[in-house]
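Below: one structure, written as structure tokens.
Counting from 1, the numbers follow the sequence of the chain as shown.
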Amino acid sequence: QGQLVESGGGLVQAGGSLRLSCAASRQSFSDYAMAWFRQAPGKEREFVAAINWSGDSTIYADSVKGRFTISRDKAKNTVSLQMNSVKPEDTATYYCAANSGAGPMTNRYQYNYWGQGTQVTVSS
């Protein structure tokens, strides 16, 4: 429990920026693929961005490509999601996830570990 802890959510105006962070308590997560997913009320949890174990390969959902950037700091065992030019449709609870595989993955069922989420609300 509590192996992945998200922070940085909040209320932001459309067009603004927000940075989410995910702190991993297990050192082994530094060698795991990591990802961000989000879930809006009444909707399925959807993929946002993923990064491989070494940090040199990333994947983005088309809806956030060019606006969001995922990165990781292996020394600090953290993963971040820089959100720029946010839109009201980005409003959701954002979840950090980890998988013991090496490469970035988009399927939520491939992720074994999940944080409890952080709420992001974008006002128009």
Side-chain angles (χ1 to χ4, degrees):
Q1 299 299 323
Q3 299 185 80
L4 296 174
V5 179
E6 302 94 337
S7 63
L11 176 64
V12 61
Q13 286 190 329
S17 297
L18 206 61
R19 187 176 181 86
L20 306 183
S21 292
C22 173
S25 59
R26 288 173 47 178
Q27 189 56 44
S28 57
F29 283 137
S30 66
D31 293 329
Y32 284 19
M34 303 290 291
W36 289 93
F37 288 77
R38 67 187 182 186
Q39 187 167 17
K43 294 189 176 182
E44 293 285 318
R45 190 169 298 188
E46 65 174 6
F47 169 76
V48 175
I51 190 166
N52 72 335
W53 73 276
S54 62
D56 60 3
S57 180
T58 56
I59 301 176
Y60 296 92
D62 288 343
S63 58
V64 306
K65 201 171 295 182
R67 300 188 298 121
F68 292 8
T69 302
I70 187 172
S71 61
R72 69 188 305 164
D73 185 328
K74 292 174 68 68
K76 295 182 179 179
N77 211 7
T78 59
V79 176
S80 298
L81 184 70
Q82 178 67 41
M83 306 168 61
N84 297 330
S85 302
V86 295
K87 305 174 182 180
E89 50 264 44
D90 294 323
T91 295
T93 300
Y94 283 71
Y95 297 91
C96 177
N99 181 286
S100 56
M105 293 159 282
T106 63
N107 188 333
R108 62 176 171 158
Y109 298 108
Q110 294 175 299
Y111 287 86
N112 315 94
Y113 304 93
W114 293 85
Q116 294 196 347
T118 185
Q119 177 67 37
V120 172
T121 303
V122 182
S123 63
S124 57

Side chain to side chain contact (heavy atoms under 4.5 Å, CB included) partners for [X], two or more places apart:
{"X": "A50", "answer": "A35, F47, P104, Y111"}
{"X": "D62", "answer": "K65"}
{"X": "A49", "answer": "Y60, I70, L81"}
{"X": "Q27", "answer": "S30, N77"}

Is there a path of hydrophobic side-chain contacts, each under 4.5 Å between heavy atoms of I/L/V/M/F/W/Y residues, joining [Y] to [X]?
{"X": "F37", "Y": "M83", "value": "no"}
{"X": "V120", "Y": "W114", "value": "no"}
{"X": "M34", "Y": "Y113", "value": "yes"}
{"X": "M105", "Y": "W36", "value": "no"}

With sequence neighbours left out, write down each residue that passes side-chain hydrogen bond (donor to acceptor under 3.5 Å, both in side chains) with [X], or none if nothing qualifies.
{"X": "S123", "value": "none"}
{"X": "E46", "value": "R38"}
{"X": "S17", "value": "N84"}
{"X": "S57", "value": "none"}

Using 30° and 60° as the class limits, which term best fits the ring planes of F68 and Y94: parallel, tilted or perpendicular?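 Judged by the thresholds at 30° and 60°, the geometry between F68 and Y94 is tilted.
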Which value, rounded to the nearest 0.5 Å, describes the distance between [X] atom [atom1] and [Y] atom [atom2]?
{"X": "Q13", "Y": "S124", "atom1": "CD", "atom2": "OG", "result": "9.5 Å"}
{"X": "Q3", "Y": "S28", "atom1": "CD", "atom2": "OG", "result": "8.0 Å"}
{"X": "Q119", "Y": "Q39", "atom1": "CD", "atom2": "CD", "result": "11.0 Å"}
{"X": "R72", "Y": "Y32", "atom1": "CZ", "atom2": "OH", "result": "11.0 Å"}

Under the disulfide (SG to SG under 2.5 Å) definition, can you give me all pairs with a residue in residues 11-100, not counting sequence neighbours?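 Those involving residues 11-100 are C22-C96.
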Can you name the closest pair of heavy atoms from [X] and [Y] and give their distance?
{"X": "V64", "Y": "V48", "result": "CG2-O, 3.5 Å"}
{"X": "R19", "Y": "S71", "result": "NH2-OG, 3.8 Å"}
{"X": "A24", "Y": "L4", "result": "CB-CD2, 3.8 Å"}
{"X": "D56", "Y": "S54", "result": "OD1-OG, 2.7 Å"}

side-chain hydrogen bond (donor to acceptor under 3.5 Å, both in side chains) contacts in which one or both residues fall within residues 100-109, not counting sequence neighbours: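 Every pair satisfying side-chain hydrogen bond (donor to acceptor under 3.5 Å, both in side chains) with a residue in residues 100-109: E44-R108.
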Are any non-hydrogen side-chain atoms of K74 and D31 less than 4.5 angstrom apart?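 With C-beta onward as the side chain, the pair touches.
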Between the main-chain N or O of Q116 and the side-chain N or O of E6, is there a donor-acceptor pair closer than 3.5 Å?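 Present.
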Please check: side-chain N/O of T91 versus main-chain N/O of V122, any donor-acceptor pairing under 3.5 Å?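 Checked: pair present.
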Suppose clustering is done on Ile, Leu, Val, Met, Phe, Trp and Tyr with side-chain heavy atoms closer than 4.5 Å. Which residues sit in the same group as L11?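 Traced through the cluster, L11 reaches no other member.
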Partners passing salt bridge (charged side-chain N to carboxylate O under 4.0 Å, His left out) against R67 (at least two apart in sequence or in another chain):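 By the salt bridge (charged side-chain N to carboxylate O under 4.0 Å, His left out) rule, R67 matches D90.
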